[in-house]
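The model shown is predicted, which means the values in this text are computed figures rather than measured ones. Counting begins at 1 with the first residue of the sequence.
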Amino acid sequence: MTNSEQARPKTDPERRGAGEGREDGESRATMNPLIAQIALGIVIGATVGALALYGMNHLSGNVSPRETAPVHQLAAAPSDPAPAAAPAEGACAASADRARALEPFAKGELAALKLTVPPRPLPDLSFLDAAGRPVTLADLKGRVLLVNLWATWCVPCRKEMPELDHLEAELGGPDFQVVAINLDTRDPEKPRAFLRDTGVTHLAAFTDPKGQSFQALRSVGRGFGLPTTLLVDRDGCELGFLAGPAAWGGADAQALVKAALGADRAGRD
């Protein structure tokens, strides 16, 4: 390099170019951690969202517009047992006419009820009775069932449980039963106290502290949140389900159950 080149001062453009190069480098150094943080936030948000949905996709038209309580804390642990096997599909073929006969009753307070046409077999749900003895859905075959999953921390359940109790008081018997399964995982006294506090006296005290029934329903595309309710015929076939609370003690629900009982009898004549 010549002396003249060494002595020549840099022009303004050259100074700006050198400064811009440093600024660009500094900007990139500053931006890279920021971009990484944003990307990490997106990944975490997507993961939390997936957990809140239990790793499942919502089925169109099946979720009640009313509030449901998320139950991602019941997500299956690796050691959880596999869900009980469901009956063969052919076992529910005879139930198709029964489900179609209920279409006029999915209205009013039960407008969110999704009828299952053709009906589908359900896993043989496993839970406990009031004495802690194991019970399965198969043990209750021979009557129409309204199976409801609930928990004490489920806000909509507090209003719904007395409704289910009223339905059981009105129509419960050898042909029909409300099977309300509590999913609290800790203090067994808490659900009993909850039922007493809400005036529930007719429902059998079924519990599932391990969440096996929820996981079994989840495996067949049910159980988006609590409460979840399924209408089941005498053969253990699902006639319909509702995600979210409903006025199960009202006239619409009683008409639905009576129609289900009538359709079931007609299907066997």
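A donor-acceptor contact shorter than 3.5 Å is absent between the side chain of D184 and the backbone of P191. The backbone N or O of G236 sits less than 3.5 Å from a side-chain atom of D233, completing a donor-acceptor pair. Of the possible polar contacts, none joining the E109 side chain to the G250 backbone as a donor-acceptor pair under 3.5 Å is found. The closest donor-acceptor contact from the side chain of D165 to the backbone of T201 lies under 3.5 Å. Of the possible polar contacts, one joining the D124 side chain to the L137 backbone as a donor-acceptor pair under 3.5 Å is found. With hydrogens and angles disregarded, no donor-acceptor distance shorter than 3.5 Å links the side chain of Q177 to the backbone of E168. Remark: the backbone N or O of F206 is not paired with any side-chain donor or acceptor of D129 at under 3.5 angstrom. With hydrogens and angles ignored, the 3.5 Å screen pairs a side-chain donor or acceptor of R120 with a backbone N or O of V220.
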Would W248 and E160 count as a side-chain hydrogen bond (donor to acceptor under 3.5 Å, both in side chains) here? Give the steps. CA-CA 7 Å; W248 289 109; E160 187 178 57; 3.0 Å; yes
For side-chain contact (heavy atoms from CB on, under 4.5 Å), just list the numbers for N148 and I181, CA-CA rounded to whole Å, side-chain angles, deciding distance to a tenth of an Å, and then say yes or no. CA-CA 6 Å; N148 176 272; I181 305 172; over 6 Å; no
In sequence, state the C-alpha distance, the side-chain angles, and the governing distance for S213 and V147, and then conclude on side-chain contact (heavy atoms from CB on, under 4.5 Å). CA-CA 11 Å; S213 55; V147 180; over 6 Å; no
Worked check of side-chain contact (heavy atoms from CB on, under 4.5 Å) between L125 and T136: CA-CA 5 Å; L125 307 185; T136 67; over 6 Å; no
Any chance you could lay out the side-chain hydrogen bond (donor to acceptor under 3.5 Å, both in side chains) test for N182 and T207, step after step, and finish with the verdict? CA-CA 5 Å; N182 174 263; T207 60; over 6 Å; no
Let's go through L230 and L146 carefully: what are the C-alpha distance in whole Å and the side-chain angles of both, what is the deciding distance for side-chain contact (heavy atoms from CB on, under 4.5 Å) to 0.1 Å, and is it a yes or a no? CA-CA 6 Å; L230 302 98; L146 192 72; over 6 Å; no
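Ring centers of W153 and F194: at least 6.0 Å apart, outside the cut-off.
You'll find the side chain of P156 reaches within 4.5 Å of the side chain of P227, heavy atoms only. Contact annotation: the side chain of F241 approaches that of R222 to within less than 4.5 Å [non-hydrogen atoms, C-beta and beyond]. For the pair L242 and T228, the minimum side-chain heavy-atom distance is 4.5 Å or more. Residues H202 and H166 have side chains not in contact (no heavy-atom distance under 4.5 Å, counting atoms from C-beta outward). Taking 4.5 Å as the limit, every side-chain heavy atom of L128 sits out of range of all side-chain heavy atoms of R133.
Electrostatic pairing of E170 and K258 does not count as a salt bridge here, judged by no charged N lying under 4.0 Å from a carboxylate O. Residues D235 and R98 are paired through a salt bridge, judged by an N-O separation under 4.0 Å between the basic side chain and the carboxylate. Ion pairing of D175 with R234 is present here, as a side-chain N (NZ or NE/NH1/NH2) and a carboxylate O approach within less than 4.0 Å. Salt-bridge annotation for R192 and E189: present, with a side-chain N of the basic residue lying under 4.0 Å from a carboxylate O of the acidic one.
Distance check, rounded to the nearest 0.5 Å: CG of D208 to CD of Q215 gives 9.5 Å. To the nearest 0.5 Å, the span separating CZ on F105 from CG on L115 amounts to 10.5 Å. The CE atom of M161 sits 9.5 Å away from atom SG of C154, with the distance rounded to the nearest 0.5 Å. Rounding to the nearest 0.5 angstrom, the gap separating the OG atom in S95 from the CD atom in E238 is 11.0 Å. Atom CZ in R218 sits 13.5 Å away from atom CG in L149 (nearest 0.5 Å). The CD atom of E163 sits 12.5 Å away from the SG atom of C157 when rounded to the nearest 0.5 Å.
Here the shortest heavy-atom pairing between A151 and L226 reads CB-CD1, 3.7 Å. When every heavy atom of A96 is checked against every heavy atom of P119, the shortest pair comes out as CA-CD, 3.4 Å. Heavy-atom minimum distance, G240 versus L113: C-CD1, 4.2 Å. Residue A180 comes nearest to L203 through the heavy atom pair CB-CD1, 4.1 Å, listed as atom of the first residue, atom of the second, then distance. Here the shortest heavy-atom pairing between T185 and P209 reads CG2-O, 3.4 Å. Q254 and G249 make their closest contact through NE2-O, 3.1 Å (heavy atoms, listed as atom of the first residue, atom of the second, distance).
Side-chain heavy atoms closer than 4.5 Å link hydrophobic residues (I, L, V, M, F, W, Y) into clusters, and following such links, possibly through other members, connects L239 to L110.
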